[in-house]
Amino acid sequence: MQREWELFYRKFITYNGYENVLNGLWITVQIAVLGLIIGILIGMVIAVIKMIPKNKTAPKVFSFICDIYIGFFRGTPIVVQLLIGYFVLMPALGLNLPNVAVAIAVFGMNSGAYVSEIMRSGIQAVDPGQLEAARALGLNYPTSMIKVVIPQAVKNIMPTLGNEFISLIKETSVVSFIAIVDLTKAFRQIGDSNYEYIIPYLMLAAVYLVIVYIISQLVKLLERRLKKVDRNS
Amino acid sequence: MIEIVNLTKQYGDHVVLNNISATIADGEKVAIVGPSGGGKSTLLRCLNCMEEPTSGEVYFDGKLVSGLAPYLHDELIVASKTFKKVFAELSLENPAMSEEDAKAAAIFKIKAEKLLRKNEGSAFKKEFSRIEKEIAIDLNIARRDIGMVFQHFNLFNNLTVMENLTLAPVHLKLKTKEEAEAKAMELLHRIGLYDKKDAYPSTLSGGQKQRIAIIRALAMNPKVMLFDEPTSALDPEMVGEVLDLIKQLADEGMTMVIVTHEMGFAREVATRMLFVADGDIRESAPPAEFFDDPKHPRLKEFLSKVIKN
């Protein structure tokens, strides 16, 4: 083990490998955080569209489009979505985005498909009387949802969203498929430099574990605070 | 103030309200009583279209608030393709009949047999939107003038009492934030809950919640108030404070429709009682006559069960 540690130390500290790792960590966090934000926005829109009463044609069409969207993003692996985004869609649309931006967009859209279901169950858990009371005052459907129903739904789904964020962080480990040096890739490069992978990969796992632990603690804290608000307010 | 015409409400095959017509005049206090499942809450909820009628129409202040029911408008039926067909058939069968009579007979037949189909041609469509434009008002606008109080209060849980009271008036631009808050404070003072203005609904008792729900409706300066079993979800000791507030409003001349099980209260406050059972209005009478001299056997049976002494 002595030799492995020495090789790792030399690459990591003496040859500034840690800079790469920190950059990789930053990119991982960026993709996960921005991906989640985009996912929440997309998820909210889809959830609301799917919950509009379907007595007219327009909501039916929109809802159908949402079904296709969800079907695609839940029915194909995230790696395939990344590859299609980067190697198919970008050239086809004539875009030239940085690959991190593509990854953020793909993870955002992917998580939107999952968040929409979380949001929908969160909205359905809100007492229908809340919407009725808002509508009875003359507020229209979108306003009633935005001012009354969605804030309560968001509170309901906070813990589940936290878990979504955790799985997002872990899923980003595949972005090296489109040549992004994230946390995983940074450690792999250290291993590649001297064909010694034991320490780098164990370290990699440890770093993910620590990140996930921190986030899950934050989620727990949040959950406890939300419950407290419920009791006191 | 409110008029319902040939209103039917069905859930699937289950008929909750069967072809009801009624009028609620300005200043009236109408109490709706009846057995559970008889359709009284549904009737109330149709008045502001919280439940969309299956057929029939609801008018508020002379304006149509529900969907347009084609069978209630002869001039619309006349514009339909079906009318042309039926009219031609009838004229052919009875050559002696005058054109006026054939027309009347065709309209009658279409109404009786509900012959209108989904697509009745462009003339029908045009006439439909013309009538709609002439008599209908946007439901959301009408609802501003129709206050509603629910059995389960339905205060907005994510907002403070003050925000509950000001959300709609401010958002609908009926009042500025300052005006709405001044009005809310006045109303809170009136019910003695001024100190709760920054509290969230979850900290209030049922009676407090319901009184705040009532002033939330009042903050819109409604022309009529609908109460859907306002005391049914309350602890017995809190029923009094809510009924007192409703009674005050009645004394001030507010037009109101109340679905209730509180017979004593209904008798005291109402100017007219409606007995709704089995999807129909079985009796409509002033309280004295309603309680002391009931006509309909179903009502007699109901009263004998409800009033024990």
Side-chain angles (χ1 to χ4, degrees), chain A residues 40 44 47-48 51-60 118-161 222-233, chain B residues 44-45 47-52 65 67 137-161 163-174 196 198-204 209 212-213 216-222 225-228 233:
Chain A
I40 289 173
M44 205 182 293
V48 170
M51 296 200 64
I52 293 173
K54 290 179 192 51
N55 44 13
K56 293 200 186 107
T57 319
K60 269 186 208 157
I118 298 174
M119 290 261 179
R120 198 152 71 113
S121 63
I123 289 173
Q124 273 165 350
V126 175
D127 173 15
Q130 297 282 315
L131 178 63
E132 273 186 4
R135 297 303 310 273
L137 286 166
L139 296 169
N140 61 20
Y141 181 80
T143 309
S144 307
M145 289 302 277
I146 292 166
K147 291 279 177 183
V148 176
V149 177
I150 290 177
Q152 295 183 49
V154 166
K155 201 167 128 185
N156 291 344
I157 61 173
M158 269 305 186
T160 328
L161 272 187
L222 198 69
E223 229 175 308
R224 228 174 295 149
R225 278 200 44 190
L226 286 178
K227 269 190 195 147
K228 217 162 130 193
V229 170
D230 253 348
R231 246 179 283 127
N232 296 345
S233 61
Chain B
L44 187 83
R45 290 163 57 82
L47 297 182
N48 65 347
C49 290
M50 294 310 287
E51 302 286 349
E52 185 71 22
V65 289
I137 183 177
D138 181 33
L139 181 56
N140 288 329
I141 304 271
R143 279 176 176 163
R144 296 175 184 182
D145 290 329
I146 310 176
M148 185 163 204
V149 175
F150 300 85
Q151 181 177 357
H152 295 287
F153 332 126
N154 296 353
L155 290 180
F156 305 133
N157 293 324
N158 57 321
L159 303 176
T160 64
V161 167
E163 290 164 343
N164 263 278
L165 296 173
T166 56
L167 173 68
V170 173
H171 199 86
L172 296 172
K173 302 206 165 60
L174 304 176
K196 298 285 186 192
D198 295 319
Y200 281 87
S202 57
T203 59
L204 304 174
K209 280 185 202 172
I212 286 168
R216 176 175 69 180
L218 285 179
M220 299 287 290
N221 298 321
M225 292 274 285
L226 310 177
F227 294 89
D228 189 2

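Everything quoted here is computed from the prediction, not taken from an experiment. To find a chain, count down the sequence lines: A is the first, B the second, and so on, and within it residues start at 1.
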Polar side-chain atom of B:Asn158 near backbone of A:Ile150 as donor-acceptor pair, under 3.5 Å:
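No; judged by distance alone, with no hydrogens or angles, the pair does not exist.
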
When rounded to the nearest 0.5 angstrom, what is the spacing between NE2 in B:His171 and CG in A:Asn140?
7.0 Å

Sequence neighbours left out, cut at 3.5 Å: what donor-acceptor pairs do the side chains of residues 126-139 of chain A make with other protein atoms?
{"residue": "A:Asp127", "atom": "OD1", "partner": "A:Gly129", "partner atom": "N", "Å": "2.9"}
{"residue": "A:Gln130", "atom": "OE1", "partner": "A:Gln152", "partner atom": "NE2", "Å": "2.8"}
{"residue": "A:Gln130", "atom": "OE1", "partner": "B:Asn157", "partner atom": "N", "Å": "3.3"}
{"residue": "A:Gln130", "atom": "NE2", "partner": "B:Leu155", "partner atom": "O", "Å": "2.8"}
{"residue": "A:Glu132", "atom": "OE1", "partner": "B:Arg45", "partner atom": "NH1", "Å": "3.1"}
{"residue": "A:Glu132", "atom": "OE2", "partner": "B:Arg45", "partner atom": "NH1", "Å": "3.4"}
{"residue": "A:Glu132", "atom": "OE2", "partner": "B:Arg45", "partner atom": "NH2", "Å": "2.7"}
{"residue": "A:Arg135", "atom": "NE", "partner": "A:Leu139", "partner atom": "O", "Å": "3.0"}
{"residue": "A:Arg135", "atom": "NH2", "partner": "B:Asn140", "partner atom": "OD1", "Å": "3.4"}

Side chain, backbone, both or neither: which part of B:Phe150 has a non-hydrogen atom closer than 4.5 Å to chain A?
side chain

Quick check for you: among B:Arg216, B:Met148, B:His152, B:Gln151, which has the greatest number of heavy-atom pairs under 4.5 Å with chain A?
B:Arg216

